[in-house]
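Before any comments, here is the structure.
We number each residue from 1, following the sequence as shown.
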Amino acid sequence: MFAHEVAHGAVIPESQTLLVRLICYPTCDLLVCTLPNWLDRHHKEHHSFPTSNVDGQRLTGDNSAEENYNIVMLLFKYQWEDIKLWRSNPLHIIAFVARWYFLAGRGWFAFLCTMVSAIVSVSYFGLLTHSNPLAVASKGYRQKQLQNTYDIMPGNWFAEFIFAGLNSHATHHVYPQLPRGLHGRAAEKLRKLEPAHYRSVDTLSALWTAFKTREAPPPQPECCSPADYYKPEFELNQHVGRATATARG
């Protein structure tokens, strides 16, 4: 999560590219995937066009088994994309070898425990906030982000600890460069700015209900260009369980 925050510019300015690279190499490249790969999949696709056909990190599923499968496939996709980057920088090769030595070089049982722990944590604490899409028409960047994401107890230190900061995920999607310590205040701002789109789970009973009723967004129609995602006529019709593009006069 530290590399995630640094890459977003929530810890140090993104303009400090050398410092960002030095921090992310041991915390991202050596553990998950190379930073260029992460920036393409997470920043340019997932944050800009969540749950659309453009989103290479479609981190959703109708149940835990489907979510876990999607995470495993995404991890393998990261590794394959990293291999294709080997020619561009020898450091990518070093990171790949070191990463898999750390994961698999300590024995199959340690590897299995590490993978299961990571997958279950992401599935239950990360993907939940991208489930249960909002069935209303959304226009513009802010509403599109809130349509596909919601917060869980924003500003609550215990929730932030348990969810590793992923609890205030709607706020993060709208304000990706905002430090986590300010998410509680920003969530209240969003609640007032977008009362029809902003959602938060604020009690344990509501959280349990969210777990039981989670539903993945249906596939959206393919965009002619990523910019189509934010056009008013490009709406998600949840009532019939499929995405439709409607022309509006």
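- More than 12 heavy-atom neighbours from other residues, nucleotides or ligands sit within 6.0 angstrom of NZ on Lys84.
- Going from atom OH of Tyr78 over to atom NE2 of His42 covers 7.5 Å, rounded to the nearest 0.5 Å.
- Among all heavy-atom pairs drawn from Ala7 and His43, the shortest one is O-CE1, 3.1 Å.
- Here the side chains of Tyr150 and His169 are not in contact, with every heavy-atom distance at 4.5 Å or above.
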(message) Please evaluate residues Glu188 and Arg185 with respect to the criterion salt bridge (Lys or Arg N to Asp or Glu O under 4.0 Å), reporting the C-alpha separation (whole Å), side-chain torsions for both, the decisive distance (0.1 Å), and the verdict.
(response) CA-CA 5 Å; Glu188 290 303 316; Arg185 191 182 307 174; over 6 Å; no
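- Of all non-hydrogen atoms in Arg199 and Leu146, the two that sit nearest each other are NH2-O, 3.4 Å.
- For residues 24-33, the pairs satisfying side chain to side chain donor-acceptor pair (under 3.5 Å) are Arg21-Asp29, with sequence neighbours left out.
- Asp82 CG to Cys33 SG: the interatomic distance, rounded to the nearest 0.5 Å, is 5.5 Å.
- By the 4.5 Å heavy-atom criterion applied to side chains, Ile23 and Leu19 are counted as neighbours.
- The shortest heavy-atom contact between Tyr141 and His173 is OH-O, 2.8 Å.
- Looking only at atom types and distance, the side chain of Asp151 has no donor-acceptor partner in the side chain of Ser168 under 3.5 Å away.
- Minimum interatomic distance between Pro154 and Ala187 (heavy atoms only, all atoms of both residues): CB-CB, 3.7 Å.
- The shortest heavy-atom contact between Met153 and Asn167 is O-ND2, 3.2 Å.
- For the residue pair His4 and Trp38, the shortest heavy atom distance occurs at CD2-CZ2, 3.7 Å.
- Atom-to-atom distance recorded for Cys28:SG and Arg99:CZ is 8.0 Å, nearest 0.5 angstrom.
- Counting heavy atoms from C-beta on, the side chains of Ile152 and Thr129 come closer than 4.5 Å.
- With Glu194 as the fixed residue, the side-chain hydrogen bond (donor to acceptor under 3.5 Å, both in side chains) test singles out one of Lys189, Arg142, Gln147: Arg142.
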